[in-house]
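See below for the structure under consideration.
Residue numbers run from 1 in the order of the sequence given.
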Amino acid sequence: MKTQSSATARPTIAVTASHPARTGTLLAVLGVLAFSLTFPATAWGLQGFGPWSLVAVRSVLAALLAGGALLALRVAPPARRHWAGLAVVAAGVVVGFPLLTTLALRTSTTAHAAVVVGLLPLTTALLSALRTGIRPSRTFWAAALAGAGAVVTFTVLQSGGALTTADLYLFAALLVCAAGYTEGGRLARVMPGWQVIGWALVLCLPLTVPAAALALAHEPVRLTAHGVAGLLWVAAGSQFLGLVVWYRGMAAIGIPKASQLQLAQPLLTLVWSVLLLGEHLTPAAPLTAAAVLVCIAVTQRARG
């Protein structure tokens, strides 16, 4: 009788344990979908705002949205031991990545800028392994390297194979964003994901408010429909809501596995660049998409 009860209990435990993983994967996918619109939305935003204005104003708007939610829900400030990690998140995903990629997109196409996102999953997994001590399996690393290679090869060929001065901005953006993702994913295991990005945004307000005022005073502003729509998306979608679901997803399934879902992001970005910006894709896109999906499947099933 005892053996039968134990046997019937096991499937229930397995189902319960797998549910958070499925939810975490879904949240991470939603984050990737939100991020895939960032470069096209930034290109739209640059039609109405200067690069410094766009970055500063998007951060202020996102901080007001996050701060309003924190106040409305009466969320207590994080413990002192978490502020250093929040500063890394702020430097990486609130200031560093938006600023560096916006500066790059003044002279780079969104297709070429997607090289950054093509390398971001691998870089995030590497930094996560160093920061958290989690060591994924060799199968995971092999699939991650293959996926990164496929994405980078495709995006470089898509942009004509030429490197530009904007690449310095893009590679720097890659490093600071990976650091922000890693630290944010770690913090999201001890506090809700939306509070991680919310407090990081609020932490930057003493910097972003005067920066926005100064930039708006010195850069021309044209309130076009595309410019305003691009600004609103990068502020609400990319800077806040996308990071909310992304950090929750990373906390649920782990930083390495979540990061590899971003292998699909450059391809999604290229699709948006065709639909929204009129850029063109090569016939290699479907083949690359298939290769990336295989690599993503392997990383999600790999041990560790």
Side-chain angles (χ1 to χ4, degrees), residues 28-49 51 54-55 58 97-98 100-122 146-167 169-171 173-174 177 222 224-239 241-243 245-246 259-297:
V29 167
L30 290 175
V32 170
L33 182 60
F35 298 153
S36 70
L37 277 162
T38 299
F39 285 170
T42 300
W44 270 11
L46 286 171
Q47 296 178 18
F49 299 87
L54 181 62
V55 172
R58 72 179 269 184
F97 187 79
L100 292 166
T101 54
T102 299
L103 292 174
L105 285 171
R106 293 181 302 168
T107 57
S108 174
T109 64
T110 56
H112 189 80
V115 173
V116 173
V117 182
L119 289 173
L120 186 56
L122 180 61
V151 169
V152 170
T153 299
F154 173 71
T155 49
V156 170
L157 292 176
Q158 177 66 27
S159 61
L163 297 178
T164 68
T165 54
D167 290 319
Y169 290 127
L170 296 174
F171 288 122
L174 164 72
C177 188
R222 294 184 301 117
T224 64
H226 279 178
V228 173
L231 170 63
L232 292 178
W233 178 259
V234 294
S238 303
Q239 193 82 74
L241 298 177
L243 285 167
V245 293
W246 177 242
S259 69
Q260 298 313 299
L261 293 172
Q262 277 196 302
L263 285 171
Q265 186 174 324
L267 303 177
L268 290 170
T269 296
L270 294 175
V271 171
W272 293 123
S273 72
V274 171
L275 297 176
L276 301 177
L277 303 176
E279 296 182 9
H280 301 284
L281 299 180
T282 66
L287 295 177
T288 306
V292 166
L293 289 175
V294 170
C295 293
I296 289 175

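Of all non-hydrogen atoms in Pro51 and Leu103, the two that sit nearest each other are CB-CD2, 4.1 Å. Counting all heavy atoms, side chain and backbone alike, Ala150 lies closest to Ala291 at CB-CB, 4.5 Å. In this structure, Leu263 and Pro121 approach most closely via the heavy-atom pair N-CG, 3.7 Å. The two residues Ala104 and Leu170 have their closest heavy-atom pair at CB-CD2, 3.5 Å. Counting all heavy atoms, side chain and backbone alike, Gly242 lies closest to Ala34 at CA-CB, 3.9 Å. Ala173 approaches Phe97 most closely through the heavy-atom pair O-CD1, 3.4 Å.
At a threshold of 4.5 Å between non-hydrogen side-chain atoms, the residues Pro98 and Val234 do not count as touching. Between Leu37 and Leu276 there is a side-chain heavy-atom pair separated by less than 4.5 Å. A heavy-atom distance below 4.5 Å is not found between the side chains of Trp272 and Leu277. For the pair Thr102 and Leu46, the minimum side-chain heavy-atom distance is below 4.5 Å. With contacts defined as side-chain heavy-atom distances shorter than 4.5 Å, the pair Ser238/Trp233 qualifies. Residues Arg106 and Tyr169 form a side-chain contact, since some pair of their non-hydrogen atoms from C-beta on lies under 4.5 Å apart.
For Leu241, the side chain to side chain contact (heavy atoms under 4.5 Å, CB included) test picks out no residue, with sequence neighbours left out. Judged as a side chain to side chain contact (heavy atoms under 4.5 Å, CB included), and not counting sequence neighbours, the contacts of Val32 are Trp246, Leu261, Gln262, Gln265, Leu268.
Remark: the backbone N or O of Phe35 is paired with a side-chain donor or acceptor of Thr38 at under 3.5 angstrom.
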Practice item. Apply side-chain contact (heavy atoms from CB on, under 4.5 Å) to Leu232 and Val228, showing your working. Key: CA-CA 6 Å; Leu232 292 178; Val228 173; 4.0 Å; yes
Practice item. Could you check Leu120 against Ser259 for side-chain contact (heavy atoms from CB on, under 4.5 Å), going step by step and ending with a plain yes or no? Key: CA-CA 8 Å; Leu120 186 56; Ser259 69; over 6 Å; no
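Between the CG atom in Leu174 and the OG1 atom in Thr101 there is a gap of 11.5 Å [rounded to 0.5 Å]. The distance from atom CD of Gln239 to atom CZ of Arg58, rounded to the nearest 0.5 Å, is 4.5 Å.
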